[in-house]
Amino acid sequence: MRRIGLGLGLATVMATGFAAAPLAAQAEESDAAAVHERLLTLDTHLDTPLHLMRPGWDIAERHDYVTDNSQVDIPRMIEGGLDGGFFVIWTAQGELTAEGYANAAATAAIRQQMILAMIAANSDTAERALTADDAARIAATGRRVIYQAIENSYPLGEDIGTLQRFYDNGVRMVGPVHTGTNQFSDSSTDDERWGGLSPLGRELIAEMNRLGIIPDASHASDAAFDQMVELSATPIILSHTGPNALNEHPRNISDERIRRLAETGGVIAVNSIYLAPRSNSPEWQALSSRFMELFSESRETQEAFVRNLRALEAVTPREDADFEMFMASLMHLIEVAGVDHVAFGADWDGGGGVEGMRDVTALPQITARLLAAGHDEEDLAKMWSGNVLRLLRAAEAHAASHGG
Ligand SMILES: [Zn+2]
């Protein structure tokens, strides 16, 4: 529905007596599209590297969410006016053993190499971003801005010195933990073992500060979040998290903590999952256990998995959430944290997306709604990239003055 062209000639409009209101609405819509196009836009958590692992999947091609299940590729980023974001090196949590660490380290290294290979193969349309200043410079060339982040520091094992190599290759945002408590931190969705961060987890935050990396507390327990806010020398981010106020869930966060984050200069990027109760029916569990079919060598097997996924969603939505609920969550964050502390991290390709906003081509409608709600372009510029880049600048400055 975006970008309704002013296709009807004015004469036609006047002749049919079809006057002011529709024209005004059309003008408003095209203004919003122009504003969105002008903005530098970044998403703080893109799980798109998962699709890079799918045989035959090419980010340079346009895919369809319904049949392919992906939500981000270069053609759709261009269509949705998304200049770039933090491409995630995610690793599933495994055993806290030497063997588990070694396997995870290998997987994470492969994921990072695939991101770098993707950038190299698309050098005319994408470029690796390392510094906060890179974003505007790269976007001005028309290329997509590719930052890198780590979701789950489990692959670092018990030697935080291994973070240096990921940093050298481009990682600028790191979350200690994912869905399972690990050697660094308690997870928001697992048993408490450390009462927040472990001693090693505290060292990891210091190492992020030393290198110039933004600490990311999404998935960390509330106590770990509190300690990260306290310990980090520079403001932290919640790269894909929503408010408890609209849906109480361990992955969401209280207004009190959102205010504390804002007071310390931090940023919360609005998620598009956990907006509503989540189904964990036997059917969903069964389908989830077949997730690896999406990575099959056989295109038919990949497509059959997505067909089964869509069929199950039609009967039992994973979450019964729509664009209105996403906007309500965003508006709540803006009200509690303020426009200087909100960003966008919808968990695209990681389970994100809601009815009415299924892939990144839908992003201009967020800008349109924020403009209609009275926010100006300056507010939007902060939320769409300025705030996360401010955190990266702070991380860079600290590292530069403390021997990173
Ligand atoms: Zn996540």
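We count ligands from 1, going down the list as the structure has it; atoms in each ligand are counted the same way.
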### Query
Testing I334, D379, V35 for side-chain contact (heavy atoms from CB on, under 4.5 Å) with L370, which one passes?
I334

### Task
Determine the sole option in H36, E37, H375 for which the side chain to side chain donor-acceptor pair (under 3.5 Å) test with T367 is passed.
H36

#### Entry: R257 and N244: side chain donor to acceptor below 3.5 Å
no

### Task
Provide the atom name of the closest N, O or S atom of H219 relative to the Zn ion (ligand 1).
NE2

### N/O/S from E151 sitting under 2.8 Å away from the Zn ion (ligand 1)
yes

### Query
Would one find an N, O or S atom of H240, in either backbone or side chain, under 2.8 Å from the Zn ion (ligand 1)?
yes

### Query
What orientation do F295 and F291 show, parallel under 30°, tilted 30 to 60°, or perpendicular over 60°?
perpendicular

